[in-house]
Asks: 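Pasting in a structure now, in structure tokens, and then I'll have a few things to ask.
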Amino acid sequence: MEKKLYITTAIPYVNGTPHIGHALDYLLADIWTRYQKQNGREVRFQVGTDEHGNKIAAKAAEAGIEPKLYADKMYVNFEVLMQKINASYTDFVRTTDEHHIGAVQYIWQKLQPYLYRGTYEGWYCIGCEAFVTDKEATDNNGVCPDHNQPYQRLSEDNYYFKTSAFTDRIREAIETGTMQIVPEFRKKEFLELIKDGLQDVSVSRPRKNLSWGIPVPGDPDQVMYVWLDALANYITVLGYPDRADWQEYWPADVQVIGKDILRFHAGIWPAMLLGLELDLPKKLLVHGFINVGGVKQSKTLGNGVNPTDVIDNYGLDAFRYFFARHIPTLDDGDFTWEKFETAYNTELGNDLGNAIQRIAGMLTRYQAGVIGQAPQGEHDMGTYHESMEKLEFNKALDEVWLMVRSLNQYIENVKPWEIAKLVGKDAEAEAHLSEVLAYAVGALLQIGDLLVPFLPATAARIHQTFESGVVVPSEGVLFPKIYLHTPDPHAPKA
RNA sequence: CGCGGGGUGGAGCAGUCUGGUCAGCUCGGAUGGCUCAUAACCAUCAGGUCGUAGGUUCAAAUCCUACCCCCGCAACCA
């Protein structure tokens with residue numbers, strides 16, 4: 001019996017609205033999940049939200065409501081996005097879930113041997129009631145921009161987690177591939193980073209400085225800081241420690257994360273797992289960022305792209321297509337509306353949509369829609385599957401489009417419309433025509449199969465149209481031309 | 001000498017580990033063909049000293065050395 005599969009995504013902090021980066025997490029995990037399911041595997045797919053911390057408490061206070069109530073309102077934004085992307089997740093965890101809280105407290109106690117009291121010292125802003133990083137303090141020249149007050153050097157008591165104790169084992173796991181980091185250059189980057197060992201992290205705060213969080217068991221004055229709380233979600237959502245079936249899924253097969261949080265997921269998180277005597281995840285998929293026209297998205301620039309805008313105007317599959325193929329799975333990518341629309345019109349519309357249309361059209365016109373027995377597509381799918389295994393989804397899609405092109409070339413070569421003219425004159429024409437079109441359908445169905453993980457609706461439509469042996473007509477064309485951001489070549493001249 | 005990634009035709013990229021079969025792919029542009037199709041499709045062309053300068057070799061985008069430039073990261077902003 002093969003192990004049941006498990007894939008996770010990073011849980012976003014609900015203080016804020018979802019953006020394209022979150023969407024990418026869900027999309028990549030969903031593609032993988034659908035691919036594995038298509039191959040008969042059972043997959044559990046986690047998503048969730050991170051809901052504790054001062055920023056949430058502050059926002060809630062601003063709105064005059066309880067933090068939990070605020071989180072209740074905010075987490076829905078993310079749930080809506082996941083559903084909009086049609087992410088086929090099986091589990092949704094909120095760090096304010098009762099089970100999660102209980103499990104994290106259990107984890108805290110189990111990690112006792114690696115926890116010790118310490119003093120955290122850093123730059124603190126009275127106005128923010130929070131520490132800032134040394135870098136932030138330096139960048140702002142020692143003055144908080146929000147409150148226009150100088151930072152103060154303060155120290156506070158808290159608990160530390162001895163991640164340093166696990167440096168060697170973690171390094172070895174990464175080097176030997178027990179815990180694989182893809183792409184390779186991220187692995188190198190991280191190994192370099194921990195050359196001098198992992199540094200212990202502070203995992204709690206005095207209650208007076210952090211009210212909204214999970215209480216530290218046995219110490220009423222301390223509240224847990226983000227690390228143990230948030231990272232633990234990957235196992236608590238499975239039911240760890242009390243619900244038995246978590247063991248069927250852990251260790252995770254793939255954990256999808258952005259490049260910015262690699263260090264926590266490759267350092268602190270494995271240390272936690274080792275402390276709990278659990279296996280490390282098999283693979284960390286580290287994706288990059290999405291720039292817009294070469295510029296980093298930021299709130300201050302206001303150049304962020306809203307996934308909803310894309311989906312609402314072009315359809316979900318168009319969204320999934322672009323971000324799966326034109327954003328390299330394992331590296332930074334670039335989005336512009338022009339690029340997006342060009343890919344939509346040319347690749348989805350001209351190449352694929354049109355191929356489906358012309359084949360369906362010929363079948364209907366020449367053979368009253370009867371397909372007969374479509375042969376198995378015979379394209380070699382080695383490269384496709386290889387790319388899927390290597391988590392290079394963009395390359396897998398490249399391979400599919402190679403097939404779409406060669407299908408169009410095939411049609412052009414055999415010219416079914418000319419064979420059709422011979423029907424009635426040439427004794428073999430009818431059989432030949434039917435054979436040619438059936439072959440085309442076979443290729444199309446194979447393409448449909450390969451698109452299942454990426455474009456579920458499109459794949460379904462291909463199958464629905466051709467699978468039964470008779471063309472089932474559907475309303476409208478797939479991927480009709482849209483010119484919102486690029487000039488319409490056929491528009492009458494102004 | 002902090003670490004990492006990268007500089008290939010107008011744009012975006014592949015190829016570099018395992019030197020020759022590499023100068024390739026997509027978009028955009030030009031010309032032609034075709035008419036089944038979403039004015040789609042197919043073919044051909046457009047010529048880029050593969051960042052710069054040396055070196056190794058019968059042979060380098062691919063290996064070595066130096067240099068220039070761009071972009072990330074440098075502990076909590078996907």
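Here is how names work: the chains are called A, B, and so on, in the same order as the sequence lines, proteins then strands, and each is numbered from 1. The figures here come from the full heavy-atom set of this structure, side chains too, leaving out hydrogens, waters and symmetry mates.
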Asks: Would you classify A/I290 as touching base, sugar-phosphate or nothing, given that sugar-phosphate means primed atoms plus P, OP1 and OP2, and contacts are heavy atoms under 4.0 Å?
Replies: base
Asks: Taking only the side-chain nitrogens and oxygens of A/N350, find out if one of them lies under 4.0 Å from OP1 or OP2 of B/rC41.
Replies: yes
Asks: Using a 4.0 Å heavy-atom cut-off, does A/K187 contact any base of the nucleic acid, only the sugar-phosphate backbone, or nothing at all?
Replies: nothing
Asks: Hey, does A/K259 reach any base, or is it just sugar-phosphate, or nothing, if we go heavy atoms under 4.0 Å?
Replies: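 Result for A/K259 = sugar-phosphate.
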Asks: Have A/D317 and A/T458 got a donor and an acceptor in their side chains that come within less than 3.5 Å?
Replies: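 A donor-acceptor contact under 3.5 Å links the two side chains.
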Asks: Taking NZ, NE, NH1 and NH2 as the nitrogens, is one of them in A/R171 or A/D168 under 4.0 Å from a carboxylate oxygen of the other?
Replies: yes
Asks: Please give, in whole Å, the distance from B/rC41 C1' to A/N408 CG?
Replies: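 Going from A/N408 (CG) to B/rC41 (C1'), I get 6 Å.
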Asks: Sticking with atom P, work out how far B/rC69 lies from B/rA74, rounded to a whole angstrom.
Replies: 23 Å
Asks: What is the nucleic acid contact for A/D398, judged by heavy atoms within less than 4.0 Å: base, sugar-phosphate only, or nothing?
Replies: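 Nothing: the residue A/D398, judged by heavy atoms under 4.0 Å, touches no strand.
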Asks: Can a salt bridge be assigned to the pair A/E79 and A/K84 using a cut-off of 4.0 Å between side-chain N and carboxylate O?
Replies: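 Not counted as a salt bridge, because no side-chain N and carboxylate O are separated by less than 4.0 Å.
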Asks: For the pair A/E189 and A/K259, find out whether any cationic side-chain nitrogen is under 4.0 Å from an anionic carboxylate oxygen.
Replies: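 No.
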Asks: Ring-on-base stacking between A/F289 and B/rA78, under 5.5 Å between centres and under 30° between planes: is it there?
Replies: yes
Asks: Between A/E51 and A/N15, do the side chains contain an N or O donor and an N or O acceptor separated by less than 3.5 Å?
Replies: no
Asks: Please find out if less than 6.0 Å separates the ring center of A/Y321 from that of A/Y344.
Replies: no
Asks: Roughly, in whole Å, what's the span from CZ in A/F78 to P in B/rA78?
Replies: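 In whole Å, B/rA78 P and A/F78 CZ are 10 Å from each other.
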Asks: Give me, pair by pair, the N or O atoms of the protein and of nucleotides 43-45 of chain B that are less than 3.5 Å apart, along with how far apart they are.
Replies:
residue, atom, partner, partner atom, Å
B/rA43, OP1, A/Q409, NE2, 3.2

Asks: For each nucleotide in nucleotides 5-13 of chain B, reading 5' to 3', give B when a protein heavy atom comes within less than 4.0 Å of its base, S when such contact involves only the sugar-phosphate, and - otherwise.
Replies: S--------
Asks: Answer yes when A/R94 and A/D50 have at least one side-chain N-carboxylate O distance shorter than 4.0 Å, and no when they do not.
Replies: no
Asks: Side chains of A/E156 and A/N209 only: does a donor on one sit below 3.5 Å from an acceptor on the other?
Replies: yes
Asks: Could you work out the separation of B/rU31 and B/rG47 based on their P atoms and round it to a whole Å?
Replies: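 Result for the P pair: 15 Å, nearest Å.
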Asks: Assign A/W401 to base, sugar-phosphate, or nothing according to its heavy-atom contacts below 4.0 angstrom with the strands shown.
Replies: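 A/W401: no heavy atom of the nucleic acid under 4.0 Å.
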Asks: Whole-Å distance between B/rA39 P and A/K481 NZ?
Replies: 6 Å
Asks: In whole Å, what separates the C1' atom of B/rG9 from that of B/rC63?
Replies: 26 Å
Asks: Which nucleotide in the list B/rA74, B/rU35, B/rG15 gets nearest to the side chain of A/K421?
Replies: B/rU35
Asks: Please check if any side-chain donor atom of A/D30 sits under 3.5 Å from a side-chain acceptor atom of A/Y89, or the reverse.
Replies: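 There is no such pair (donor and acceptor under 3.5 Å, judged by atom type) between the side chains of A/D30 and A/Y89.
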Asks: Taking atom P of B/rU26 as reference, at what distance in whole Å does atom CG of A/L348 sit?
Replies: 17 Å
Asks: What is the distance, to the nearest angstrom, from the NE2 atom on A/H265 to the C1' atom on B/rC73?
Replies: 18 Å
Asks: Tell me if the side-chain of A/N354 makes a donor-acceptor pair with the base of B/rA37, cut-off 3.5 Å, by modelled atom types.
Replies: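 Between B/rA37 and A/N354, which were checked side chain against base, a qualifying N/O pair under 3.5 Å is present.
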Asks: Among B/rA37, B/rA78, B/rC34, which is the nearest nucleotide to the side chain of A/R358?
Replies: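 Side chain of A/R358 sits closest to B/rA37.
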Asks: Under 6.0 Å between ring centres: does that hold for A/W108 and A/Y159?
Replies: yes
Asks: Sticking with atom P, work out how far B/rC13 lies from B/rG6, rounded to a whole angstrom.
Replies: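 So the two P atoms sit 12 Å from each other.
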Asks: For A/E184, is there an ion pair with A/K187 - N to carboxylate O distance below 4.0 angstrom?
Replies: yes
Asks: Write down the distance separating the C1' atoms in B/rG72 and B/rA78, rounded off to the nearest Å.
Replies: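 To the nearest whole Å, 15 Å.
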Asks: For A/E418 and A/V477, take the nucleotide of RNA chain B holding the closest heavy atom to each; which residue's nucleotide lies nearer the 5' end?
Replies: A/E418
Asks: Taking the same atom, P, in B/rA60 and in B/rC50, what whole-Å distance lies between them?
Replies: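 The answer is 12 Å between these two P atoms.
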Asks: Say you pick atom C1' in B/rG7 and the same atom in B/rU49; how far apart are they, in whole Å?
Replies: 15 Å
Asks: For B/rC73 and A/R186 - does any side-chain N or O of the residue sit under 4.0 Å from the phosphate oxygens OP1/OP2?
Replies: no
Asks: From the set B/rA78, B/rU38, B/rC41, return the single nucleotide nearest to any side-chain atom of A/D351.
Replies: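 Nucleotide nearest to A/D351's side chain: B/rC41.
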Asks: Report the secondary structure of RNA chain B in dot-bracket form, marking unpaired bases with a dot and bases paired to a different strand with |, and treating Watson-Crick or G-U pairs with both distances under 3.5 Å as paired.
Replies: .(((((((.[[[[.)....(...]]]].(((((.......))))).....[[[[[..)....]]]]])))))).....
Asks: Within the 3.5 Å criterion, strictly below it, is a donor on A/R358 or A/N408 matched to an acceptor on the partner's side chain?
Replies: yes
Asks: Classify A/Y366 by what it touches in the nucleic acid, base, sugar-phosphate, or nothing, heavy-atom distance under 4.0 Å.
Replies: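 A/Y366: backbone/sugar contact only, no base atoms under 4.0 Å.
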Asks: To the nearest Å, how far apart are A/L352 CG and B/rC41 C1'?
Replies: 14 Å
Asks: Go through the side-chain N and O atoms of A/Y13 and A/H52 and say whether any donor and acceptor fall under 3.5 Å apart.
Replies: no
Asks: Can you check whether A/Y234 and A/W269 have ring centres sitting under 6.0 Å from each other?
Replies: yes
Asks: State yes or no: are the ring centers of A/F335 and A/F322 separated by less than 6.0 Å?
Replies: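 Yes: the rings meet the under 6.0 Å criterion.
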Asks: Of the listed nucleotides (B/rA75, B/rU35, B/rC36), which one gets closest to any side-chain atom of A/R263?
Replies: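 Of the candidates, B/rA75 comes closest.
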Asks: May I ask you to say what A/P416 touches in the nucleic acid, namely base, sugar-phosphate or nothing, with a heavy-atom cut-off under 4.0 Å?
Replies: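 The residue A/P416 makes no contact with any strand.
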Asks: Tell me which of A/G353 and A/E192 sits closer to the 5' end of RNA chain B, going by the nucleotide each one is nearest to.
Replies: A/E192
Asks: Taking atom P of B/rA37 as reference, at what distance in whole Å does atom CZ of A/R365 sit?
Replies: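 Checked: the CZ to P distance equals 5 Å.
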Asks: Once you round it to whole Å, what is the distance between P of B/rA40 and CD of A/E412?
Replies: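 Rounding to the nearest Å, CD of A/E412 and P of B/rA40 are 14 Å apart.
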Asks: Taking B/rG19 as the reference, what is the distance to B/rG32 when you measure between their C1' atoms (whole Å, please)?
Replies: 40 Å
